[in-house]
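In what follows, a single structure is set out as structure tokens and then discussed.
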Amino acid sequence: MKCTRCGAAAVIEVRRHNAAFCGACFRVVFGNQVARAIDEYDMFAPGDRILVAVSGGKDSLALWDVLLDAGYRVDGLYLGLGIGDYSDRSHVLTQAFADARGATLVTVDLADDFGYDIPTAARKGSRSTCAVCGLSKRYVFNKAALDGGYDVIATGHNLDDEAATLLGNTLRWNIGYIARQSPVLAAEPGLVRKVKPLYRLSELETAAYAFLRGIDYVVEECPLVAGNTQLRYKKAMNAIESRSPGTKAQFFLGYLDRGAPIFRTADEQVDLASCANCGQATTGTYCAFCRSRAQILGERLPEVAEAR
Ligand code: SF4
Ligand code: ZN
């Protein structure tokens, strides 16, 4: 198998493009796909301060690496979830990545800063483990970006993640979620702009990039992943992809091109207010994070605001 670009021995085959690449060419192709994503959605400009949410996994570290390599002003944000050895190892590898590149890693710890960890939230909260984890991440990422004066938050969601999310929302006809799914979520009062520069690249491609770049990442899955519905949709998409290479890309990138404009006309605009407890953007009196946290900690939010 030869590299489609230069003819040298190929190390990775990309079946959906009917192509194969050597290590050097794959790095260029990967960088070009990220640059195209940034450009198509006008995600950020060279002078912007970017905060990339890093979990210690291949996708977020690959994203941090490729953005640093392209010369962007990008710091990492690590959120400690308190999931035993898994979280400890994720933090060590993320810090080692930052140290090796002389990059800045901002660290927030859920237990130290907000009074609970994810295993506790799973036992005491009313949401599923991954739902409360996702809610906590979204809240902390936004707060850390606001506190640090960043222009944009970048996450390592790849094509597989986005296709699985779209499949899940389509199976339930969650019109509002479908309409709002985009590689860019614009800034709103109290909400920092969010971008997903890896949306054109598959999980296999980010894994190959991380391997070729010598990135040491957490390979094992989170031990609490069992109830994650997203994983089921990913497996379903993989089963189709293995028989029909290119299906994931046709589904998600096709949605962005042809489906999104139609769904957006059906989406209702919601007015945002400030959470009466923490000040972050919300559609109600209290934000979902403050309500969830109060329940986990067995606290009551002030009644005066509840009556509003
Ligand atoms: Fe959080 Fe669930 Fe992901 Fe584990 S699998 S890190 S609990 S969202
Ligand atoms: Zn709040």
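Positions are given from 1 along the sequence. We count ligands from 1, going down the list as the structure has it; atoms in each ligand are counted the same way. Predicted model only: the values in this text are computed from it and were never measured. Computed over heavy atoms, backbone and side chain alike; hydrogens, waters and symmetry mates excluded.
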What protein heavy atom sits nearest atom 4 (Fe) of ligand 1, and how far off is it?
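Looking only at protein heavy atoms, the one closest to atom 4 (Fe) of ligand 1 is Cys222 SG, 2.3 Å.
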To which protein heavy atom is atom 3 (Fe) of ligand 1 closest, and what is the distance rounded to 0.1 Å?
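Here the closest protein heavy atom is Lys137 NZ, 4.0 Å.
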Looking only at heavy atoms, is any part of Glu221 under 4.0 Å from ligand 1, and if so is it the side chain, the backbone, or both, or is it neither?
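None of Glu221 does.
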Where does Cys130 meet ligand 1, judged by heavy-atom distances below 4.0 Å: at the side chain, the backbone, both, or neither?
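Cys130 to ligand 1: contacts from backbone and side chain alike.
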Just jot down the ligand 1 atoms closer than 4.0 angstrom to any heavy atom of Cys133, in number order.
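Answer, ordered by atom number: 1 (Fe), 6 (S), 7 (S), 8 (S).
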Counting from 1, what ligand 1 atoms have a heavy atom of Val225 closer than 4.0 Å?
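Near Val225, meaning under 4.0 Å from one of its heavy atoms, ligand 1 has 5 (S).
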Does NZ or CZ of Arg49 fall inside the cone over Tyr150's six-membered ring, less than 6.0 Å from its centre and within 45° of the axis?
yes
Row check, Phe211 ring normal vs Arg213 NZ/CZ: under 6.0 Å, within 45°:
no
Can a salt bridge be assigned to the pair Asp48 and Arg73 using a cut-off of 4.0 Å between side-chain N and carboxylate O?
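No, this pair does not count.
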For a quick check under 3.5 Å, do Tyr217 and Asp59 share a side-chain donor-acceptor pair by atom type?
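The answer is no; no qualifying pair exists.
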Give the C-alpha distance, both sets of side-chain angles, the deciding distance and a yes or no for side chain to side chain contact (heavy atoms under 4.5 Å, CB included) between Thr155 and Val52.
CA-CA 6 Å; Thr155 58; Val52 59; over 6 Å; no
